[in-house]
Structures are given as C-alpha cells and as structure tokens.
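Every chain is numbered from 1, with letters handed out A, B, ... down the list of sequences.
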Number of protein chains: 2
Amino acid sequence: MPKNDEIDRRILRELQRHARLTNVELAERVGLSASACLRRVQDLERSGVISGYHARVDPLAGGAGFIAYVTVALSSHTKENLEAFERTVAAAPQVVECHNITGATSYLLRVEVAGLQQYKKFHTETLAAVPGVAQITTHVLLATTKHRFD
Amino acid sequence: MPKNDEIDRRILRELQRHARLTNVELAERVGLSASACLRRVQDLERSGVISGYHARVDPLAGGAGFIAYVTVALSSHTKENLEAFERTVAAAPQVVECHNITGATSYLLRVEVAGLQQYKKFHTETLAAVPGVAQITTHVLLATTKHRFD
DNA sequence: GCTTCGCACGCAATATCCTTGCGAGATTGG
DNA sequence: CCAATCTCGCAAGGATATTGCGTGCGAAGC
C-alpha cells in the first residue's frame, strides 16, 4: 500500500543502513515531521516492504570461525528428495542461508561453524546423509570484500 | 571487551532477530534491568561485536526483480587485476555482496538488478570489461528457502 | 582471613522519544 | 465546482532512553 515515492525510498535507504535511528532523526533526514514519518514507516512494515530489523553481529564474536559457501546437487529431483533436503537444511543451525539457484547445482548454502572439525562433522553426518544428494562442493570463505551496507 | 557470557549471547540473539526491540523489553527478555542491559548493548556496539542495525527490505519492493549469484574466475592473480576487479565491484551498485572463496572460482558475487536487460548490461559492460576476468558463471536465484532470521 | 579494589548491578530522575487525536491543506474523481 | 480522501503538521500524554549514584559481589593482595 505504500506509494514508493521519493520519501519512502529515502526512508528505506536510511533504515537499511541505520535501523536504530530514532524516528525524529529519521524524520529530519527525510524531510518530514515525526508523526508523518512514523506513519510511513508503519505502513512499510505492515505491507511487508520492511520485513524486519536485524543487528549484524561479527561472525567471529558469534563463534563462527569457519564459513563456507556450499553448492549441492541432487541426483534426482523427486518430491521426497527435495523435501528431505529442505527439511534437513531448515533444521540445521549451521546453515545460515539456503538459496535455490539455476545451474548444475541447484542449491547454494552458506554454512557457519566454529571450526574445521565442526564443518567436517556437518558435511558427513548432516549434508551427505540426506538421500539424493549427489554432489557437495565446499568453497571456504576467505574474505568478504563487499557487503550491502558497509 | 564484552564478556561473552550467557546474557550477552541472549542479547545478541534477540537483537539479531528484533533489532528494534525497546531496551526495556530487551532487558526483560534477558533478565536484566534496563540500565544494565543498555550498558551491555553499548559495550557490544563499541567493541564491534554488533557492527550495525539494518532493516530488511523486500527485494521486489526495492526494485530488484532479478537476483543472481555469480562466480568469477580471474586468469591471473596479479596485483593489478585483483585491484581492478575489486574496484569495479566496489563501485557497482548492482553488486550487493562480494566474497573471496576457495575453489576454481575465486569470487562469489550477489547481484541484484531490476530485470534481465539490466543484468545483461551489467554482465557485458561492467563485469566482462574488467581485465583478467576469465570466466563468469551466472546462477539465477529462484528462491531463498532459508535465511538467517525468518 | 581480612581488606581493598574493581566491576556490574539496580534504583531513581530527567530528557528525549513515541504515539495518538485533531484540524488544515492538497489532490483526485465525479 | 464540490466532495471525498489522503497526508500532513501540531500538540499532549504516556512510554522510553540515559545518566548519576549507591550497593553488593568476587578477585587479588596483604
């Protein structure tokens, strides 16, 4: 229901970078009164344009000393295999993101664990144990040189 | 400087999911008084454990109708090539994330654009134009089945 | 064992902020 | 041209953030 006008875009831009801005400061930045600004933000939240507010935590401080992007290929895309895989992924706390992508491998996971041993365990006992998983390729994260808001 | 005890972990857990929690409600959830809780949060911010607060915006509403994960391989890892590539990535607003990974391809990008035409343009005019880029593989995002906090 | 020091806590007070109701001006459609 | 609708700014009260202060607990040293 929001109008997607210049002010809304500015609100989104500011909140994407600084979600804990006070409403009055946000209002000043976008050139609105506090009440009008608040109502717009609430509209954006209700309509789902803003789906949530999240603190970004340093992975190391969060106990994630080993991060990898993992591509997974399924041998057969039967309904049972797909559901079993997605259920495993959803239940695994090590899997932080799961994307369905085109290409030779149909899934791209981001996995965060404490260290190499934990990854080995996850790899063999969790991922490889899912029926229909044909190929697992691990890409260890060396560095993140750009992130959405830095 | 934070102690990484049970209460800090609970604070981080709550703020990762609900960054706009009021401090008093956060204090109740973690079992602390408001002032003590606020001081811990400020410590976590100052020490860099919490690196920022961000609103999550629906990609479609944000104008990103086409999202892809793109792997890039460089022909030679000379200093000039690396720097040219990273400079291009840093300057390109379409690139939302850039990760340096192990494997046959050394970079994994997340690219968000309005549509296929815009992607084609980015692919040929921006990415392929960087000297030393040997291979570009595009994986179109079909769906994201799991994200850190859903 | 006792003392001292430092640290984190809770309480209280003030400044700031959020939130809602209300009336005015602008915009749209008939 | 008028009416309906929408969004705005203003104002008030209730909630919240933020700081100073005193207390208690645990660690280090004597």
Side-chain angles (χ1 to χ4, degrees), chain A residues 1-65 114 147-150, chain B residues 1-65 114 147-150:
Chain A
M1 204 59 59
K3 317 183 289 189
N4 192 25
D5 60 356
E6 178 56 30
I7 292 184
D8 274 6
R9 279 193 295 272
R10 241 183 294 177
I11 288 176
L12 290 177
R13 190 154 35 86
E14 292 297 329
L15 286 182
Q16 280 184 341
R17 283 164 183 70
H18 313 290
R20 282 208 106 167
L21 237 45
T22 65
N23 182 55
V24 297
E25 191 168 346
L26 177 63
E28 288 172 7
R29 295 196 186 189
V30 304
L32 231 57
S33 74
S35 59
C37 182
L38 181 67
R39 277 186 280 255
R40 275 172 180 264
V41 170
Q42 289 172 337
D43 271 2
L44 291 167
E45 291 168 352
R46 260 184 259 109
S47 66
V49 175
I50 295 177
S51 59
Y53 301 94
H54 307 282
R56 193 143 118 234
V57 174
D58 176 40
L60 270 178
H147 205 287
R148 205 179 293 249
F149 310 111
D150 282 331
Chain B
M1 200 60 62
K3 316 182 289 190
N4 192 24
D5 61 356
E6 178 56 30
I7 291 184
D8 273 7
R9 278 193 296 271
R10 243 182 292 177
I11 287 176
L12 291 176
R13 190 153 37 84
E14 292 297 328
L15 286 182
Q16 281 183 342
R17 283 164 184 70
H18 313 289
R20 284 208 106 167
L21 235 47
T22 65
N23 184 55
V24 298
E25 191 168 346
L26 177 63
E28 288 173 6
R29 294 196 187 190
V30 305
L32 232 58
S33 74
S35 58
C37 182
L38 182 67
R39 277 184 279 254
R40 274 173 180 264
V41 171
Q42 290 171 337
D43 271 2
L44 291 167
E45 291 168 352
R46 260 184 259 109
S47 66
V49 174
I50 295 177
S51 58
Y53 301 94
H54 307 283
R56 193 143 118 234
V57 174
D58 176 40
L60 270 179
H147 204 286
R148 206 179 291 249
F149 311 112
D150 284 332

So which protein N/O to nucleotides 9-13 of chain C N/O distances come out below 3.5 Å?
unit_1	atom_1	unit_2	atom_2	d
C/dC9	OP1	B/R40	NE	2.8
C/dC9	OP1	B/R40	NH2	2.8
C/dG10	OP2	B/S33	N	2.9
C/dG10	OP2	B/S33	OG	2.7
C/dG10	N7	B/S35	OG	3.4
C/dG10	O6	B/R39	NH2	2.9
C/dC11	N4	B/S35	OG	2.8

[N] [atom2] sits how many Å from [X] [atom1], rounded?
X: B/L38; N: D/dA15; atom1: CG; atom2: P; value: 20 Å
X: A/E28; N: C/dC18; atom1: CD; atom2: P; value: 11 Å
X: B/L21; N: D/dT16; atom1: CG; atom2: C1'; value: 13 Å
X: B/L26; N: D/dT18; atom1: CG; atom2: P; value: 13 Å
X: A/D8; N: D/dT7; atom1: CG; atom2: C1'; value: 12 Å
X: B/E25; N: C/dC18; atom1: CD; atom2: P; value: 16 Å
X: A/N23; N: C/dC18; atom1: CG; atom2: C1'; value: 7 Å
X: A/E6; N: D/dC8; atom1: CD; atom2: P; value: 14 Å

Restricting to non-hydrogen atoms, name the atom on [X] and the atom on [Y] that form the minimum distance, rounded to 0.1 Å.
X: B/G48; Y: A/D58; value: O-CB, 3.8 Å
X: A/C37; Y: A/N23; value: SG-OD1, 3.7 Å
X: B/V30; Y: B/R10; value: O-NH1, 3.7 Å
X: B/D8; Y: B/N4; value: OD2-N, 3.6 Å

Between [Y] and [X], is there a side-chain heavy-atom distance shorter than 4.5 Å?
X: B/L21; Y: B/R29; value: yes
X: A/R56; Y: B/H54; value: yes
X: B/R40; Y: B/D5; value: yes
X: A/D43; Y: A/R39; value: no
X: A/E45; Y: A/L15; value: no

Find the runs of at least 3 consecutive base pairs, i with j, i+1 with j-1 and so on, that include DNA chain C, using Watson-Crick or G-U wobble geometry with both distances under 3.5 Å. C:1-30 with D:1-30
